[in-house]
Amino acid sequence: MERSIDDYKDNAVFEMTSHYYLCQLSGESAAQHLDEYELEENYTPKWVNPREAIKQNNLVKKQHRNRKWIHRENYVLEEALKIMSNNNTFCLS
């Protein structure tokens, strides 16, 4: 759970609960259903291993220090790596 002063509304608190799941892919894909801001940012999926995601997030963090979400995402990726390293059914390549 994340809670902070809202960056966009005066006298407001931003609160978000994030849920994360470890899963295995079936090989099937489906159409994206993006939010408006995701469309504006041209979000596209790219499959990378967790270590590469952390590396890329750290590059973005250096360029854009106000991206608070990077700290959260890297924390979750590090925790996922710990779980995955203890479970042979997940691939860390």
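Keep in mind that what you see is a predicted model, and the values were worked out from it rather than measured.
- Two residues are said to be in side-chain contact when any heavy atoms from C-beta on lie closer than 4.5 Å; Leu81 and Arg51 meet this criterion.
- The environment of CG in Leu39 is crowded: more than 12 heavy-atom neighbours from other residues, nucleotides or ligands sit within 6.0 Å.
- When every heavy atom of Asn74 is checked against every heavy atom of Ala53, the shortest pair comes out as OD1-O, 4.4 Å.
- Contact check for Met16 versus Arg72: side-chain heavy atoms found under the 4.5 Å cut-off.
- Taking a 6.0 Å sphere around OH of Tyr43, one finds it holds more than 12 heavy atoms contributed by other residues, nucleotides or ligands.
- For the pair Ile70 and Tyr75, the minimum side-chain heavy-atom distance is 4.5 Å or more.
- Contact check for Tyr21 versus His19: side-chain heavy atoms found under the 4.5 Å cut-off.
- The CD1 atom of Ile5 sits 13.0 Å away from the CZ atom of Phe14 when rounded to the nearest 0.5 Å.
- Interatomic distance, CG of Asn57 versus NZ of Lys62, reported as 12.5 Å (0.5 Å rounding).
- For the atom pair CH2 (Trp47) and CD (Glu52), the distance works out to 15.0 Å, reported to the nearest 0.5 Å.
- The CD1 atom of Ile54 sits 10.0 Å away from atom NZ of Lys61, with the distance rounded to the nearest 0.5 Å.
- At least one donor-acceptor pair closer than 3.5 Å links the side chain of Glu38 to the backbone N or O of Asp35.
- One distance of note links OG1 of Thr17 with CE of Met1; it measures 4.0 Å at 0.5 Å rounding.
- Interatomic distance, CG of Asn49 versus NZ of Lys55, reported as 10.0 Å (0.5 Å rounding).
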